[in-house]
Amino acid sequence: MLIGALALAVVGGTLGLYWFQPWKLWQDETVDEALPGAVTTASPPGAVTTSPPPAAAPAPSPTRDAGPRTVAGGELVSHEHSTSGTAQLVRLTDGSHVVRLENLDTSNGPDVHVWLTDAPVKEGKAGWHLFDDGEYVDLGKLKGNKGSQNYDVPADVDPSRYTSVSVWCDRFNVSFGAAELARA
C-alpha cells in the first residue's frame, strides 16, 4: 500500500511539474529581432569598398510604402503577470503585416502565445480572461519573455478587424498582458 501511495505521489508530482512548469518563472529568454525591411547594412569605419556603387533605386510604387509603417500601436498593460513594453501593428513594404512587441518584459510561462484580438483591453484582473471570448488570431508561441520580436500576420487575415494584442497563456486561459491598438 505504501509503495502504491508513493508511486501515485511521484506520478502526480511529475504531472503537476509538467503542467505548471514553475521553473520558467525564474528563467528569462531575451529575443531581439530587427523590424523586417528596416535594417540597413553599413560598412565598418575605414572599410574599403571595391564594388561599383549600386544603381539608383526605382521610384516607390504608389501602392507601396517606401518602408515599414506603423498603422496601430499601444502600451502593454499588466494582467496575470507584470508586463510592459509596446505592441505595434506594422505594414511592411510588400503589403504584409507583422505584430511587433518592443521592449517586452513579462514573465516566462508554459504555452504562452501572441494573439491579435477584437477584445477591449481592461486593466487589472478585469482583463485577464477576455481575449478568447471573441475573435482572435494566434500568431504563434512567444519567442522570448524579454526583448523586441516580430510575429507575422497571416496573409488571409484582415488586421483592421482586430483592436488589441494579448500575450496569452493558452495552458491556463489567461492574459499575461495586452495592448489596445490605437490607429495611427
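On a predicted model such as this, the values are computed, not experimentally measured, just so you know.
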Are side-chain heavy atoms of [X] and [Y] found at a separation under 4.5 Å?
{"X": "Leu142", "Y": "Leu104", "value": "yes"}
{"X": "Thr163", "Y": "Leu181", "value": "no"}
{"X": "Ser107", "Y": "Asn145", "value": "no"}
{"X": "Val165", "Y": "Thr117", "value": "no"}
{"X": "Phe172", "Y": "Asp111", "value": "no"}
{"X": "Leu92", "Y": "Val98", "value": "yes"}

Under 6.0 Å from the NZ atom of Lys146, do we count more than 12 heavy atoms belonging to anything else shown?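 More than 12 heavy atoms, drawn from other residues, nucleotides or ligands, come within 6.0 Å of this atom.
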Starting from [Y], can I reach [X] by hopping between I/L/V/M/F/W/Y residues whose side chains sit under 4.5 Å apart?
{"X": "Leu130", "Y": "Val99", "value": "no"}
{"X": "Val153", "Y": "Val71", "value": "yes"}
{"X": "Val114", "Y": "Val121", "value": "no"}

Calculate, to the nearest 0.5 Å, the distance between atoms [atom1] and [atom2] belonging to [X] and [Y] respectively.
{"X": "Asp105", "Y": "His81", "atom1": "CG", "atom2": "NE2", "answer": "13.0 Å"}
{"X": "Asn150", "Y": "Arg100", "atom1": "CG", "atom2": "CZ", "answer": "4.5 Å"}
{"X": "Thr86", "Y": "Glu75", "atom1": "OG1", "atom2": "CD", "answer": "6.0 Å"}
{"X": "Gln149", "Y": "Asn103", "atom1": "CD", "atom2": "CG", "answer": "10.5 Å"}
{"X": "Ser164", "Y": "Lys122", "atom1": "OG", "atom2": "NZ", "answer": "12.0 Å"}
{"X": "Tyr162", "Y": "Leu89", "atom1": "OH", "atom2": "CG", "answer": "12.0 Å"}

For His129 and Val174, what are the C-alpha separation, side-chain angles and deciding distance, and is it a side chain to side chain contact (heavy atoms under 4.5 Å, CB included)? CA-CA 5 Å; His129 300 284; Val174 67; 4.0 Å; yes
Is the distance between the ring centroids of Phe131 and Trp115 under 6.0 Å?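 Between Phe131 and Trp115, the centre distance exceeds or equals 6.0 Å.
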Do Thr83 and Ser78 have side-chain N/O donor and acceptor atoms under 3.5 Å apart?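 Thr83 vs Ser78: no donor-acceptor pair found between side chains.
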Would you kindly say whether Ser166 and Ser175 are connected by a side-chain donor-acceptor distance under 3.5 Å?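 Ser175 and Ser166 do have a side-chain donor-acceptor pair below 3.5 Å.
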For [X] and [Y], work out which heavy atoms get closest and say how close.
{"X": "Asp94", "Y": "Ser96", "value": "OD1-OG, 2.6 Å"}
{"X": "His79", "Y": "Ala178", "value": "CE1-CB, 3.6 Å"}
{"X": "Pro68", "Y": "Pro36", "value": "CG-O, 3.5 Å"}
{"X": "Leu76", "Y": "Ser84", "value": "CD1-O, 3.7 Å"}
{"X": "Leu101", "Y": "Ala87", "value": "CD2-CB, 3.8 Å"}
{"X": "Ser148", "Y": "Asp32", "value": "N-OD1, 3.1 Å"}

Stepwise, does the side chain to side chain contact (heavy atoms under 4.5 Å, CB included) test hold for Val112 with Phe176? CA-CA 9 Å; Val112 181; Phe176 278 21; 3.9 Å; yes
Looking at Glu135 and Arg161, is any side-chain nitrogen of the basic one under 4.0 Å from a carboxylate oxygen of the acidic one?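 Yes.
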Distance under 6.0 Å and angle within 45° of ring axis: Lys141 vs Tyr151: no
Worked verdict on Leu139 versus Asp152 for side chain to side chain contact (heavy atoms under 4.5 Å, CB included): CA-CA 7 Å; Leu139 301 179; Asp152 294 328; over 6 Å; no
Could you check Glu33 against Lys143 for salt bridge (Lys or Arg N to Asp or Glu O under 4.0 Å), going step by step and ending with a plain yes or no? CA-CA 10 Å; Glu33 297 179 321; Lys143 297 174 184 177; 3.1 Å; yes
